[in-house]
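The block underneath contains the structure these notes are about, expressed in structure tokens.
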Amino acid sequence: MSQEAAEQVTPDTTEETGPEETGPAETGPAETASAAGKSEEAEAVEAAEATEGSATAAEDAEAARLAGPSDSSPSLGWFGWRRRYPRTARGVTIGTSVLAGALLLFALLVPNQLERLTPEAFFRLPAEGILLAGLLLALPPRSRRLAAVVSGALLGLLTVLKFVDMGFYQVLARPFDLVLDWILLDDAAEFVRESFGRTGQVLAVVGVIVLIVAVLVLITLAMVRVTNLMVSHRAVAARTTLILGTTWITCMTLGIQLTGVPLATKGNADLVNNRVEQVRAGLADGRVFQKQAAVDAFAKTPPDQLLTGLRGKDVLFTFIESYGRVAIDDPAMAPQVDAALREGTSSLKAAGFQSRSGWLRSPVTGAGSWLAHSTFLSGLWIKNQQRYRSLTTSDRATLNSYFRKTGAWRTVGVVPGVRRAWPEGKYFALDHIYDSEHLGYQGPYFSWTPVPDQFSLEAFQRLEHGKKDREPIMAEIILASSHNPWSPIARMVDWDDLGDGSVFHQIKKEGTDPKEVWKDPERVRTEYRRAIEYSIHSLTAWVERYGTDDTVLVFLGDHQPVPTVTAGNTSKDVPVTIVARDQKILDRIADWHWTDGLKPAENAPTWGMDKFRDRFLTAYGPGKD
């Protein structure tokens, strides 16, 4: 380059950049050449640095893009508020990041049972969170973004599952079964409708859907934001992850605990592992059940050799909803329930009836009455809906069908809890079924309960038992007044005043409000106890009033009540009692060693509910004649 050209270039440059940035305005040829050489060398160095730092720059750019505009960003933000209020914007950014981290920590540490939802549960180190942080830091930008979204969505689904588990533990004292329990969600919605009305059902369903969507979206966004934050502070995040991982291993190895709660946890991994095993077991359970159902000791017994010890008797199998062992054993309820059982034993004895009682272990607790009923009648362990469906589409004989097989009994069902089509009713071999629409009841519902027990029994007397010149009856009777939520509760009225049930309108008005009752667990327990007393009084009073020498009553609970009532009691035992005026009926079960009276002793025999069918058929078969 000539000096003239250099002189021409130099002033132009000086004018463009200004003297403060460029220094002296004039340069000589040597200086110009040196500057050019240096410029080429600088460009080469800059190119090399750009190549070496491209990955880091890309990651930083990715982090900035995901995090949104920073305080120094030229972006206007929402209507330019970030530029106008930089301090507020910075506070919002920091606050949002803190909330995102807290939400992820909550999702990782929240247990799946309400009783474990304590402050100590959130002061732990989750192995899954530490491992996930390390993985996200190690991935390249594009893979990291995808991993953050996917892991956030999966953690959201796991959190939803934990919430569902909480509900199942509160009602059924067990977690949600991913294979077999979906049908129960529809039953839960129906229960809400029947207890709190159509509006209550709609609000509950909408609320659940909104909650699920909110959990999934918020946890996914929180995962993306926290991932972004870790990348923008990679060195600090890596060191912190390493320290937390080392601390977790140390705490797990030494078994360090905080107020009895392990400081290091892998609860999410255990939960997922348990669900995988549960799914495998659920898928295999169908084959296991088919093999069990194929075995029936009485399948080939001739009709004239079945139930010979009960010929000419009216046999009533009566289920009292939620009548569990807790009603008899719990110190808070035992005095009143014990008084009701003692009074019933005395009044029945005065009417010429004797009774024997024992314990049965139900396949369910809290809910699922139909599973318990079918277990009792079929002699098979019906512990889930899949087994129930397999049973009711099979030719497995039940107690009902064996009674009908003899041709010596008319089989009827009194099932006030049935308010819609019940196709399974055909399987249970009932010649006639009286549901809530066919008992003549014109009174009010008592929350879930469509017909009070006293009226159901009176309707059975009017429609079947009280008829003249009839054949012997085998009846399956469901008493529903003690069904959750136990508020309001019917009370006994004079039998002659029952009429069409309109008398219960005033009784319902005088009762309690379930929404208020369920705010206090002790009130729930009190109302449950009162409901059990009412059901026992209704049944024993009916036997006193209408029982005959040919009456044989078998009554039992179907399952324990919900955990709110059992208060940590994990027993699935329910009382079972046989009442008869004919002493020969009770003599046939002398080797059962049951307790005299309506109350089973604490150490009375306990059988699985599925064992009753065969023992009953044996006791009243020709071998005992």
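Since the model is a prediction, treat every value here as computed from it, not as a measurement.
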Just verifying a value: how many Å separate [X] [atom1] and [Y] [atom2], rounded to the nearest 0.5 Å?
{"X": "Arg144", "Y": "Asn228", "atom1": "CZ", "atom2": "CG", "answer": "9.0 Å"}
{"X": "Leu155", "Y": "Leu108", "atom1": "CG", "atom2": "CG", "answer": "5.0 Å"}
{"X": "Asp285", "Y": "Gln386", "atom1": "CG", "atom2": "CD", "answer": "5.5 Å"}
{"X": "Ile478", "Y": "Ser436", "atom1": "CD1", "atom2": "OG", "answer": "13.0 Å"}
{"X": "Leu371", "Y": "Phe376", "atom1": "CG", "atom2": "CZ", "answer": "15.5 Å"}
{"X": "Ser447", "Y": "Lys515", "atom1": "OG", "atom2": "NZ", "answer": "9.0 Å"}

Regarding [X] and [Y], is there a side-chain donor-to-acceptor distance under 3.5 Å anywhere?
{"X": "Lys162", "Y": "Asn268", "answer": "yes"}
{"X": "Ser369", "Y": "Glu321", "answer": "yes"}
{"X": "Thr375", "Y": "Asp610", "answer": "no"}
{"X": "Thr96", "Y": "Arg225", "answer": "no"}
{"X": "His483", "Y": "Ser322", "answer": "no"}
{"X": "Ser481", "Y": "Thr449", "answer": "no"}
{"X": "Gln292", "Y": "Trp381", "answer": "no"}

Mind running side chain to side chain contact (heavy atoms under 4.5 Å, CB included) on Val236 and Arg239 for me, showing each step along the way? CA-CA 5 Å; Val236 175; Arg239 286 196 299 270; 3.6 Å; yes

Which is it for Asp573 and Leu360 under the side chain to side chain contact (heavy atoms under 4.5 Å, CB included) test, yes or no, and what are the steps along the way? CA-CA 5 Å; Asp573 294 350; Leu360 297 178; over 6 Å; no

Looking at [X] and [Y], what are the two nearest heavy atoms and their distance?
{"X": "Ile328", "Y": "Ala334", "answer": "O-CB, 3.2 Å"}
{"X": "Pro416", "Y": "Pro450", "answer": "O-CG, 2.8 Å"}
{"X": "Gly324", "Y": "Val574", "answer": "CA-CG1, 4.1 Å"}
{"X": "Ala173", "Y": "Thr365", "answer": "CB-CG2, 3.5 Å"}
{"X": "Leu263", "Y": "Cys251", "answer": "CD2-SG, 3.6 Å"}
{"X": "Phe122", "Y": "Leu109", "answer": "O-CD1, 3.5 Å"}

Would you call [X] and [Y] a side-chain contact if the rule is heavy atoms closer than 4.5 Å?
{"X": "Thr392", "Y": "Ser374", "result": "no"}
{"X": "Val326", "Y": "Met333", "result": "yes"}
{"X": "Lys599", "Y": "Pro575", "result": "no"}
{"X": "Leu161", "Y": "Leu178", "result": "yes"}
{"X": "Met609", "Y": "Leu556", "result": "yes"}
{"X": "Pro563", "Y": "Tyr169", "result": "no"}
{"X": "Phe163", "Y": "Val215", "result": "yes"}
{"X": "Tyr534", "Y": "Trp486", "result": "no"}

Under a 3.5 Å distance rule, please check whether [X] uses its side chain to pair with a backbone N or O of [Y] as donor and acceptor.
{"X": "Arg396", "Y": "Ser378", "value": "yes"}
{"X": "Thr606", "Y": "Trp359", "value": "no"}
{"X": "Gln201", "Y": "Ala189", "value": "yes"}
{"X": "Lys266", "Y": "Pro126", "value": "no"}
{"X": "Asp177", "Y": "Gly282", "value": "no"}
{"X": "Arg124", "Y": "Ala121", "value": "yes"}
{"X": "Ser143", "Y": "Pro140", "value": "no"}

Indicate yes or no: does [X] engage [Y] in a salt bridge with an N to O separation below 4.0 Å.
{"X": "Arg523", "Y": "Glu527", "answer": "no"}
{"X": "Arg525", "Y": "Asp330", "answer": "yes"}
{"X": "Glu277", "Y": "Arg280", "answer": "yes"}
{"X": "Arg275", "Y": "Asp165", "answer": "yes"}

Verdict with supporting geometry, Tyr323 and Gln560, side chain to side chain contact (heavy atoms under 4.5 Å, CB included): CA-CA 6 Å; Tyr323 178 31; Gln560 287 264 60; over 6 Å; no

Give the intermediate values and the outcome of salt bridge (charged side-chain N to carboxylate O under 4.0 Å, His left out) for residues Arg174 and Asp181. CA-CA 11 Å; Arg174 63 171 179 81; Asp181 281 344; 2.6 Å; yes

Does atom NZ of Lys508 have more than 12 heavy-atom neighbours, drawn from other residues, nucleotides or ligands, at distances under 6.0 Å? yes

Taking the inter-plane angle between the rings of Phe176 and Trp182 on a 0 to 90° scale, is it parallel (under 30°), tilted (30 to 60°) or perpendicular (over 60°)? perpendicular

Would you please test Phe289 and Ile382 for side chain to side chain contact (heavy atoms under 4.5 Å, CB included) and show each step? CA-CA 9 Å; Phe289 181 71; Ile382 312 300; 3.6 Å; yes

Arg361 NZ/CZ over Trp607 ring centroid, <6.0 Å and within 45° of normal: no

